[in-house]
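Take a look at the structure set out below.
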Amino acid sequence: MSTVHVLNHPLIQHKLSYIRDKRTGTKDFRALVDEVAALMAFEVTRDLPVEEVEVETPVGPATVKKLSGKKLGLIPILRAGIGMSEGILRMIPAARVGHVGLYRDPETLQPHEYYVKLPNDVEERELLVIDPMLATGGSVVEAINSLKKRGAKSMRLICLVAAPEGVRYVQEAHPDVDIYLAALDEKLNEKGYIVPGLGDAGDRLFGTK
Ligand SMILES: O=P(O)(O)OC[C@H]1O[C@H](OP(=O)(O)OP(=O)(O)O)[C@H](O)[C@@H]1O
Ligand SMILES: O=c1cc[nH]c(=O)[nH]1
Ligand SMILES: [Mg+2]
């Protein structure tokens with residue numbers, strides 16, 4: 001079974017309080033999601049393997065550490081995942097980026113895939129799959145199915161806010177994928193929204209409501 005990490009870092013929690021607040025407008029919402037994503041990247045990559053190498057500083061030789069594991073890939077789930085991708089890319093600028101486009105039918109809550117474009121060496125990369133919201137889990141499970149079908153072997157999931165139902169569904173469908181959250185909320189409402197959540201992440205990021 002995968003591990004669920006709730007990132008209780010004070011800066012993440014402080015910024016999330018403004019993200020949740022319905023008075024926060026699009027411009028600030030977008031900036032805060034970007035900042036939280038960058039902070040989450042720091043925690044999510046904490047266990048990446050490093051190796052010791054030698055460099056010459058202006059003063060003399062030094063033994064330093066460099067990343068030694070798989071190359072990284074970032075997979076934002078369109079559209080709301082885009083809001084987190086720049087922040088994470090600032091921390092790991094060499095990562096390749098793939099996109100999976102999905103929307104959730106508002107009536108049936110079923111995910112519909114409309115776009116997939118991945119780096120051609122996706123099977124060799126450690127992928128960070130990002131979506132601010134993990135509600136029923138349908139979108140993330142479908143996105144990971146799609147990635148695995150195209151050869152992806154190793155990935156971790158990063159979401160801002162999740163409902164317990166969504167976490168359970170992802171853990172059952174993909175027990176190999178660890179989950180990193182800024183918050184694990186109480187439940188879903190009758191429309192499939194996370195309670196208390198933050199509303200519709202895509203609409204708040206892009207000002208489409
Ligand atoms: O866990 P689920 O029940 O599948 O719901 C979560 C999904 O819903 C939202 O996307 P939405 O369909 O609103 O698309 P958007 O990102 O284009 O706004 C969100 O960004 C997730 O992808
Ligand atoms: O609460 C929710 C659930 C799905 N998608 C969102 O953007 N918010
Ligand atoms: Mg949306």
Side-chain angles (χ1 to χ4, degrees), residues 3-48 50 65 67 71-104 119 125-135 137 139-140 143-144 155-164 166-167 170 177-186 193-209:
T3 307
V4 180
H5 306 259
V6 180
L7 305 179
N8 278 317
H9 192 290
L11 288 177
I12 293 176
Q13 296 304 318
H14 179 76
K15 289 174 195 292
L16 182 61
S17 76
Y18 289 98
I19 290 172
R20 286 191 192 271
D21 192 328
K22 68 179 184 187
R23 295 170 301 182
T24 301
T26 292
K27 176 167 161 280
D28 290 337
F29 186 90
R30 200 182 294 142
L32 286 157
V33 168
D34 173 86
E35 289 168 17
V36 168
L39 292 166
M40 290 184 79
F42 188 77
E43 294 282 339
V44 169
T45 53
R46 185 176 282 284
D47 65 343
L48 291 182
V50 290
K65 289 175 184 163
L67 290 173
K71 290 183 177 158
L72 297 171
L74 202 60
I75 312 286
I77 300 179
L78 305 179
R79 137 192 92 132
I82 291 282
M84 296 175 74
S85 58
E86 280 302 318
I88 297 177
L89 275 173
R90 278 202 304 283
M91 299 299 121
I92 41 174
R96 297 288 165 87
V97 184
H99 295 89
V100 177
L102 290 170
Y103 72 90
R104 186 176 81 154
R125 290 182 181 265
E126 172 77 25
L127 303 178
L128 308 181
V129 179
I130 52 176
D131 192 328
M133 309 308 281
L134 178 58
S139 301
V140 160
I144 296 175
M155 61 198 98
R156 24 189 108 182
L157 173 67
I158 312 176
C159 301
L160 281 187
V161 179
V167 170
V170 175
V177 177
D178 282 349
I179 303 172
Y180 295 80
L181 308 171
L184 180 56
D185 277 11
E186 196 187 322
Y193 276 83
I194 300 172
V195 180
L198 51 79
D200 189 302
D203 284 341
R204 293 193 68 191
L205 275 167
F206 299 112
T208 43
K209 208 159 211 168

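For clarity, every value in this text was computed on a predicted model and none was experimentally measured.
Residues Gly202 and Thr208 come closest through the heavy atom pair O-OG1, 4.0 Å. Nearest heavy-atom pair across Leu181 and Met40 is C-CE, 3.6 Å. Closest non-hydrogen pair, Thr24 versus Arg204, comes out as O-NH2, 3.0 Å. A pairwise comparison of heavy atoms in Ala37 and Ile88 identifies O-CG1, 3.5 Å as the closest pair. The minimum heavy-atom distance between Ala80 and Ala201, with the atom names listed, is CB-CB, 4.2 Å. Contact record, Ile12 with Ala182: CG2-CB, 3.7 Å, taken as the closest heavy-atom pair.
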Show your working on salt bridge (Lys or Arg N to Asp or Glu O under 4.0 Å) between Glu126 and Arg156 and close with a plain yes or no. CA-CA 8 Å; Glu126 172 77 25; Arg156 24 189 108 182; 2.9 Å; yes
Take Met133 and Asp200, measure what side chain to side chain contact (heavy atoms under 4.5 Å, CB included) needs, and give me the verdict at the end. CA-CA 9 Å; Met133 309 308 281; Asp200 189 302; over 6 Å; no
Stepwise, does the side chain to side chain contact (heavy atoms under 4.5 Å, CB included) test hold for Leu134 with Val161? CA-CA 6 Å; Leu134 178 58; Val161 179; over 6 Å; no
Assess the residue pair Ile130 and Ser85 against the criterion (side chain to side chain contact (heavy atoms under 4.5 Å, CB included)); give the C-alpha distance rounded to whole Å, side-chain angles, the decisive distance to 0.1 Å, and a yes or no. CA-CA 8 Å; Ile130 52 176; Ser85 58; 3.8 Å; yes
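Side-chain atoms of Arg104 never come within 3.5 Å of backbone atoms of Ala135 as a donor-acceptor pair (strictly under, hydrogens ignored). Looking at Asp185, its side chain does come within 3.5 Å of a backbone N or O of Gly197 through a donor-acceptor pair. Counting only distance, with no hydrogens or angles, the side chain of His9 and the backbone of Leu11 share a donor-acceptor pair below 3.5 Å. A donor-acceptor pair under 3.5 Å links the side-chain atoms of Arg125 to the main chain of Leu72, judged by distance alone.
You'll find the side chain of Leu39 reaches within 4.5 Å of the side chain of Lys15, heavy atoms only. Taking 4.5 Å as the limit, every side-chain heavy atom of Arg96 sits out of range of all side-chain heavy atoms of Leu74. Annotation: side chain of Leu205 is in contact with side chain of Phe29 (closest heavy-atom distance under 4.5 Å). In this structure, the side chains of Tyr180 and Asp178 come closer than 4.5 Å at one or more pairs of heavy atoms. Contact annotation: the side chain of Phe206 approaches that of Ile82 to within less than 4.5 Å [non-hydrogen atoms, C-beta and beyond]. Under the 4.5 Å side-chain criterion, counting only non-hydrogen atoms from C-beta, Ile75 is in contact with Val100. Counting heavy atoms from C-beta outward, Ile158 and Val129 have side chains that stay 4.5 Å or more apart. Contact check for Cys159 versus Ile179: no side-chain heavy atoms found under the 4.5 Å cut-off.
Partner Val177 forms a side chain to side chain contact (heavy atoms under 4.5 Å, CB included) with one of Ile144, Thr3, Leu127 and no other, that one being Ile144.
From Leu89, atom CG reaches atom CE of Met84 across 12.0 Å, with rounding to the nearest 0.5 Å. With rounding to the nearest 0.5 angstrom, the CG atom of Leu128 is 10.0 Å from the CG atom of Leu157. To the nearest 0.5 angstrom, Leu102 atom CG is 8.0 Å from Leu78 atom CG. The CD1 atom of Ile194 sits 9.5 Å away from the CG atom of Leu160 when rounded to the nearest 0.5 Å. The CG atom of Leu32 lies 8.5 Å from the OG atom of Ser17; values are rounded to the nearest 0.5 Å.
For Tyr103, the ring pair (Phe, Tyr, Trp, His ring centres under 6.0 Å) test picks out His112, with sequence neighbours left out. Under the side-chain contact (heavy atoms from CB on, under 4.5 Å) criterion, Asn8 pairs with Val6, Gln13, not counting sequence neighbours.
For residues 25-34, the set of pairs meeting the side chain to side chain donor-acceptor pair (under 3.5 Å) definition, not counting sequence neighbours, comprises Asp34-Arg90.
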